[in-house]
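None of these values were measured; they are calculated from a predicted model. We name chains A, B, ... by the order of the sequence lines, and we start the count at 1 in each one.
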Amino acid sequence: MKIAVCVKQVPDTWAEKKLRSDDSTLDREAADGVMNELDEYAVEEALQIGEAHGAEITIVTMGPDRAGETIRKALSMGADAGIHLVDDGLHGSDALATSYALATILEGRGFDLIIFGSESTDARMSVVPAMVAERMGLAQLTFAQKVEFEGTQVTIDRVTDSGYDTVTASLPAVLSVVEKINEPRYPSFKGIMAAKKKPVETLSVADAGLDMARVGASASWSAVVDFAARPPKAAGTVVTDEGNGGVKIADFLVGQKFI
Amino acid sequence: MQPQSPFALFSIDHLLSEEERAIRDVVRSFIDAQVRPYVADWFEAGSIPARELAKGFGELGLLGMHLHGYGCAGTSAVAYGLAALELEAGDSGIRSLVSVQGSLAMYAIHAFGSEEQKEEWLPRMSAGDAIGCFGLTEADHGSNPAGMITNAKADGSDWVLNGSKMWITNGNVADVAVVWAQTDDGIRGFVVPTATPGFVANEIHKKMSLRASVTSELVFTDVRLPKSAMLPGVRGLRGPLSCLNEARFGIAFGTLGAARDCLETAISYALDREQFGRPIAGFQLTQRKFADMALELGKGMLLALHLGRLKDEGIITAEQVSLGKLNNARESLTIARECRNILGGNGITLEYPIIRHMNNLESVYTYEGTNEMHTLVIGQALTGLAAFK
């Protein structure tokens with residue numbers, strides 16, 4: 001089986017995220033970059049599928065130079081190769097532009113399965129997997145908490161608000177996973193050292209055959225119009241007990257619709 | 001102005017390769033997830049899940065990580081040092097488990113063992129399926145191991161081992177002990193499975209330091225071993241001393257991890273803690289402490305990295321390892337004590353890591369060569385005169 005795992009470098013989960021004042025895009029220099037947490041589950045799932053059924057696993061990312069570190073991390077976990085789409089012209093791409101770029105570089109490479117984390121911790125839209133599936137004309141199995149194979153059929157438990165649905169599709173397909181699916185492994189030292197020698201293909205917009213007019217900020221259908229810093233925390237309400245403290249607290253909770 | 005971490009202030013990352021940073025980051029996240037939340041309880045209870053930890057460390061590749069072949073990861077010495085630092089930022093006792101396994105027991109077998117000994121033990125030890133300990137020190141022979149009493153006598157085709165060893169990390173959880181003993185042919189090393197009849201390990205209790213570590217006395221009463229149990233590759237004290245050099249190298253880095261954890265904890269505490277209406281981090285006396293501690297921490301790290309590069313080039317000397325062990329254990333202990341002071345009463349509880357690190361570093365200060373012995377090694381290097389022989 002040939003598996004692609006699409007990963008994204010995002011600002012460190014615990015860092016304060018900032019937008020740039022010039023073009024309202026994410027300020028990637030303001031914080032350390034890490035692999036999007038849910039993408040680690042996607043990589044782990046690919047590795048487990050590979051261990052059970054045999055697979056060649058390619059890590060795909062789109063992002064600036066240093067996003068290469070995220071490919072390297074996935075390779076050190078055990079993936080086989082990487083594709084890094086890096087080009088200044090991609091800066092500011094929204095989900096539609098990103099899905100176009102990813103679908104274009106994934107197309108024609110014979111992947112049986114394309115796996116995503118179900119959302120990124122920076123944009124949190126959860127739409128790119130579905131958009132890629134739609135653009136490539138593939139079945140989409142999203143929000144999977146469990147994946148099973150039978151021949152060329154793949155069946156998932158798809159998490160819903162009330163429980164889960166069982167969804168089946170034929171390969172090739174697009175899969176997105178939630179954190180319940182597995183426990184991502186730590187890269188081993190041998191894996192870290194072996195990762196240096198694994199092939200990573202670097203593509204520009206031109207190399208990938210992308211239409212420049214369909215990527216980047218100017219081609220994006222969505223844009224940030226305005227933003228403001230989070231207001232500082234307001235002082236809390238102090239309830240002074242003058243014999244009726246309990247009533248005052250109850251009134252406050254009722255007022256806030258907690259009770 | 002955004003506060004910077006002490007190592008960031010020195011741009012330490014600038015001196016590390018991407019691979020070294022990746023190895024460091026993995027150990028840090030492993031320790032944050034698997035050790036940090038539990039270690040205060042282990043310390044208080046005086047026990048650790050040694051088997052489980054060893055298995056996890058083995059999966060990462062931490063055990064014997066700088067050795068080559070036999071399932072070992074084969075990293076650089078600098079990467080090994082950085083891993084020791086992150087381990088000790090968790091706890092010196094946890095770092096001790098790894099140091100003794102990799103740099104003492106595994107290194108001895110790797111450097112001086114027969115092919116059969118290496119094949120039998122190293123793959124299992126690197127995977128964390130077998131735990132090792134190292135018996136050199138005796139109750140009455142610490143800084144002067146040449147005086148050891150433990151002995152092995154040839155008896156037909158066997159060796160018979162008698163005596164005892166003291167302060168043996170991992171002793172009660174070990175599957176195998178590398179034991180140094182007097183023979184008719186000088187001091188020799190023996191690979192002793194701990195299940196051998198006559199081998200007894202007694203755990204040392206009532207410790208106030210390294211409580212998240214197993215410390216034991218080993219007693220050998222007519223322990224009968226085959227001829228093949230002896231390490232063929234070395235005779236005399238050069239054997240165990242070269243193992244100690246490996247471990248001391250790790251300690252030069254490791255202690256800085258404990259110090260870093262103390263300093264970062266104290267800075268964060270001082271930013272939150274208000275007296276006289278403002279954070280104590282804003283007071284000049286506190287800032288002077290922080291500046292002095294950050295300087296010593298950064299200088300210690302620059303020294304450790306320099307030693308690491310020398311080791312990777314294969315040109316490091318024992319005297320240079322003494323420079324690192326002496327300075328970094330000493331300064332880390334001083335930093336831990338000063339940080340404890342900054343936390344006041346809160347500094348004495350296990351709610352914060354500082355008193356744990358501080359008490360641990362009291363042991364690290366004297367084990368693997370006391371402050372005095374390393375001082376005299378340096379004194380001898382500078383003058384050519386040995387003050388201790």
Side-chain angles (χ1 to χ4, degrees), chain A residues 7 9-18 27 29-37 39-41 43-44 47-48 51 59 64-79 82 84 179 182-198 200 202 229 233, chain B residues 2-5 7-8 13 16-35 53 55-84 86-87 98 102 106 123 126-128 264 268 312:
Chain A
V7 300
Q9 189 178 51
V10 297
D12 194 346
T13 321
W14 306 108
E16 191 181 348
K17 296 167 186 76
K18 289 182 178 153
D27 185 351
E29 301 304 317
D32 288 341
V34 297
M35 187 192 297
N36 176 46
E37 202 178 327
D39 298 347
E40 292 188 23
Y41 294 80
V43 173
E44 177 63 35
L47 294 171
Q48 290 188 13
E51 282 156 10
I59 304 300
D65 276 339
R66 72 172 193 175
E69 296 163 10
T70 292
I71 294 186
R72 203 61 71 192
K73 174 158 187 196
L75 296 179
S76 66
M77 288 170 75
H84 186 181
E179 76 280 0
N182 57 42
E183 189 56 47
R185 68 195 65 188
Y186 293 94
S188 72
F189 296 174
K190 281 183 194 165
I192 289 169
M193 291 190 290
K196 279 191 302 200
K197 301 178 194 102
K198 291 178 177 174
V200 177
T202 304
K233 272 188 195 160
Chain B
Q2 275 299 104
Q4 298 181 60
S5 75
F7 282 156
D13 276 14
L16 307 177
S17 70
E18 186 184 339
E19 181 178 301
E20 287 160 353
R21 280 183 275 123
I23 287 176
R24 174 200 64 189
D25 291 348
V26 168
V27 181
R28 186 181 297 178
S29 49
F30 186 90
I31 292 296
D32 281 348
Q34 311 291 331
V35 171
L53 283 171
K55 190 72 195 148
F57 292 151
E59 280 167 14
L60 284 188
L62 261 168
L63 305 175
M65 63 185 276
H66 60 311
L67 305 177
H68 290 265
Y70 307 98
C72 303
T75 69
S76 68
V78 169
Y80 168 61
L82 295 169
E86 296 303 332
L87 284 162
V98 173
M106 290 178 71
S126 69
E264 289 184 348
S268 135
D312 276 327

Shortest non-hydrogen contact from [X] to [Y]?
{"X": "M193(A)", "Y": "E19(B)", "result": "CG-OE2, 3.2 Å"}
{"X": "G61(B)", "Y": "F189(A)", "result": "O-CD1, 3.2 Å"}
{"X": "Y186(A)", "Y": "L60(B)", "result": "CB-CD2, 3.4 Å"}

Does [atom1] in [X] sit with more than 12 non-hydrogen atoms of other residues, nucleotides or ligands closer than 6.0 Å?
{"X": "D32(A)", "atom1": "CG", "result": "no"}
{"X": "E264(B)", "atom1": "CD", "result": "yes"}
{"X": "K18(A)", "atom1": "NZ", "result": "no"}

>> Between K190(A) and G71(B) (side chain of the first, backbone of the second, donor and acceptor by atom type, cut-off under 3.5 Å), is there such a pair?
In response: yes

> Which atoms of E59(B) come close to chain A, meaning under 4.5 Å heavy atom to heavy atom: side chain ones, backbone ones, both, or neither?
Replying inline: backbone

> Which atoms of Q2(B) come close to chain A, meaning under 4.5 Å heavy atom to heavy atom: side chain ones, backbone ones, both, or neither?
Replying inline: neither

> Heavy-atom distance under 4.5 Å to chain B: side chain of R72(A), backbone, both or neither?
Replying inline: side chain

> Hey, which of D25(B), V26(B), T75(B) is the one that makes side-chain contact (heavy atoms from CB on, under 4.5 Å) with I192(A)?
Replying inline: V26(B)

